[in-house]
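Just so it is clear, the values below take in all heavy atoms, side chains as well, and ignore hydrogens, waters and symmetry mates.
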Amino acid sequence: MARQVKLALTALIVAAATFVGAAPAGAQLARRAPAATVVYTLDDSSHGNPEGVAWDGRFFYVGATGDGTIYRGTLGDPTVHTFIAGASGRAAVGLKVVGGRLYVAGGPTGKIFVFDLSRPSAAPLEFNTGAGGFLNDLVVTARGDVYVTDSFRPTLWRVRAGQLKPGGMVDAISVAPEIPYAAGVFNLNGIVARQDGRELIVIDSDNGALYRIRVARSGHRMITQVRGPALTGGDGMIVDRGKLVVVRGDPASLTFLRLSDDDTRARIRDVRTDATLRGPSTIARARDRYLVVNADFATGTQPFTVSGLTRD
């Protein structure tokens, strides 16, 4: 409830007490019930499992892993419509929207795609990291730098703000040996930026560990493991109201963690689930809702959906 509303409501209560008398003992103001979960359904589920989601203040975007199709929806419409057609050689995993651009981690393509949302039919910028990896999630810092996790190669990829142009360079930042990589599994996955981008928090899906990464402009980095619970299967993440929110596909849930002031320790504050969650992959905050993509890689049940959970 907004502060102005609280003040107005307080004034009314005081006035009522002055002219009518004190309220009966035990009387309480009614509390608004939490909003129900809204399920958003993709209008075409033939482009592969959905994975990433991003919100720009008006629309939310969902990507398909099969061919990179991008869907666009609004909070008031239960159907999420195709917005950018997929194409051969594309895939869409992690998504972020910043400054009218849609940034896409291209999974097994090894490419980072950047779309101009004002020209959705135009070819995106492409940044190629080569074969053999899986670009899983990304974050755009306050400086405009893009950091991308690779689940198969022990590398954090960076495109500096000044390189976001045709022919721009991609920096490869090794995360070995501090972050162990196992063959044949998904390792680094979700990523968030802290301290205006001077620090990153990433999660390892295989061992469930969180890591803090500080990267200098020179590429020198310092990596430490965050002390806390193992969140095996941890996927997409956001920071909301001072808490780190981690999506887990199995069990299908959101885990809310409180980080210490120096981000070296994490403690679980809450775990939330919902009957509509089916193998959730990642999350975006949109006004009073969490938008959670139901990737459902285990069963691939169609039509694919996004769960709009209340932030209450």
Side-chain angles (χ1 to χ4, degrees), residues 38-129 135-141 144-148 157 159-168 170 191 236 238 281-287 289-295 302-308:
V38 176
V39 175
Y40 301 95
T41 302
L42 305 190
D43 67 355
D44 182 356
S45 293
S46 65
H47 301 285
N49 301 66
E51 225 282 357
V53 63
W55 166 255
D56 70 359
R58 182 183 178 190
F59 299 103
F60 66 89
Y61 303 85
V62 180
T65 56
D67 62 5
T69 293
I70 303 296
Y71 304 86
R72 186 175 74 173
T74 63
L75 297 183
D77 187 345
T79 302
V80 188
H81 304 276
T82 301
F83 179 60
I84 300 175
S88 176
R90 287 188 195 167
V93 187
L95 304 182
K96 290 293 183 296
V97 175
V98 176
R101 286 175 161 180
L102 175 66
Y103 297 81
V104 180
T109 69
K111 295 180 180 179
I112 305 162
F113 303 99
V114 183
F115 293 88
D116 182 344
L117 291 175
S118 68
R119 299 188 303 139
S121 61
L125 289 174
E126 295 187 12
F127 303 89
N128 196 348
T129 67
L135 303 188
N136 204 322
D137 201 5
L138 54 81
V139 67
V140 183
T141 71
D145 298 331
V146 183
Y147 288 92
V148 186
W157 302 97
V159 182
R160 301 188 193 205
Q163 293 297 314
L164 287 166
K165 58 187 179 182
V170 184
I191 181 171
I238 60 170
S281 57
T282 194
I283 183 173
R285 183 185 64 208
R287 296 180 185 157
R289 294 199 175 271
Y290 293 126
L291 299 175
V292 185
V293 175
N294 292 307
Q302 298 184 17
F304 292 120
T305 63
V306 176
S307 294

Atom pair CG (Leu95) and CD1 (Ile70), whose distance is rounded to the nearest 0.5 Å: 5.0 Å
Atom pair OG1 (Thr305) and CG (Asn294), whose distance is rounded to the nearest 0.5 Å: 4.0 Å
Atom pair CZ (Arg289) and CZ (Phe60), whose distance is rounded to the nearest 0.5 Å: 10.5 Å
Residue from Val306, Ile84, Leu42 passing side-chain contact (heavy atoms from CB on, under 4.5 Å) with Tyr71: Leu42
Between Thr282 and Asp137, a side-chain donor and acceptor under 3.5 Å: no
Backbone of Thr82 reached by a side-chain donor or acceptor of Asp43 within 3.5 Å: yes
Rounded distance [0.5 Å steps], CG in Leu102 versus CG in Leu117: 5.5 Å
Atom pair CG (Asn49) and OG1 (Thr65), whose distance is rounded to the nearest 0.5 Å: 5.0 Å
Flag, side chain of Thr69 to backbone of Gly86, donor-acceptor distance under 3.5 Å: yes
Minimal non-hydrogen separation, Thr109 against Arg90, with atom names: CG2-C, 3.9 Å
Heavy-atom pair of closest approach, residues Arg285 and Trp55: O-CD1, 3.3 Å
Asp67 and Ser88: side chain donor to acceptor below 3.5 Å: no
Considering all heavy atoms, the nearest Glu51-Asn136 contact: OE2-OD1, 4.2 Å
Minimum heavy-atom distance between Val93 and Gly106, given as atom pair plus value: CG2-C, 4.4 Å
Where Arg101 and Leu125 come nearest, the two heavy atoms and their spacing: NH2-CD1, 4.4 Å
Side-chain donor or acceptor of Lys96 paired with backbone N/O of Val104 under 3.5 Å: no
N/O donor-acceptor pair under 3.5 Å between Tyr40 side chain and Asp77 backbone: no
Euclidean distance, Glu126 CD relative to Phe115 CZ, rounded to 0.5 Å: 8.0 Å
Taking every non-hydrogen atom, the tightest pair across Ala295 and Pro50: CB-O, 3.2 Å
Val148 vs Ile191 side-chain heavy atoms within contact, under 4.5 Å: no
Under 3.5 Å donor-acceptor, Thr41 side chain and Thr79 backbone: no
pair Thr74-Arg58: side-chain heavy atoms closer than 4.5 Å: no
Side-chain heavy-atom pair Ile238, Tyr290 within 4.5 angstrom cut-off: yes
Distance under 6.0 Å and angle within 45° of ring axis: Arg72 vs Tyr61: no
Aromatic ring proximity, centroids under 6.0 angstrom, Phe127 and Phe113: no
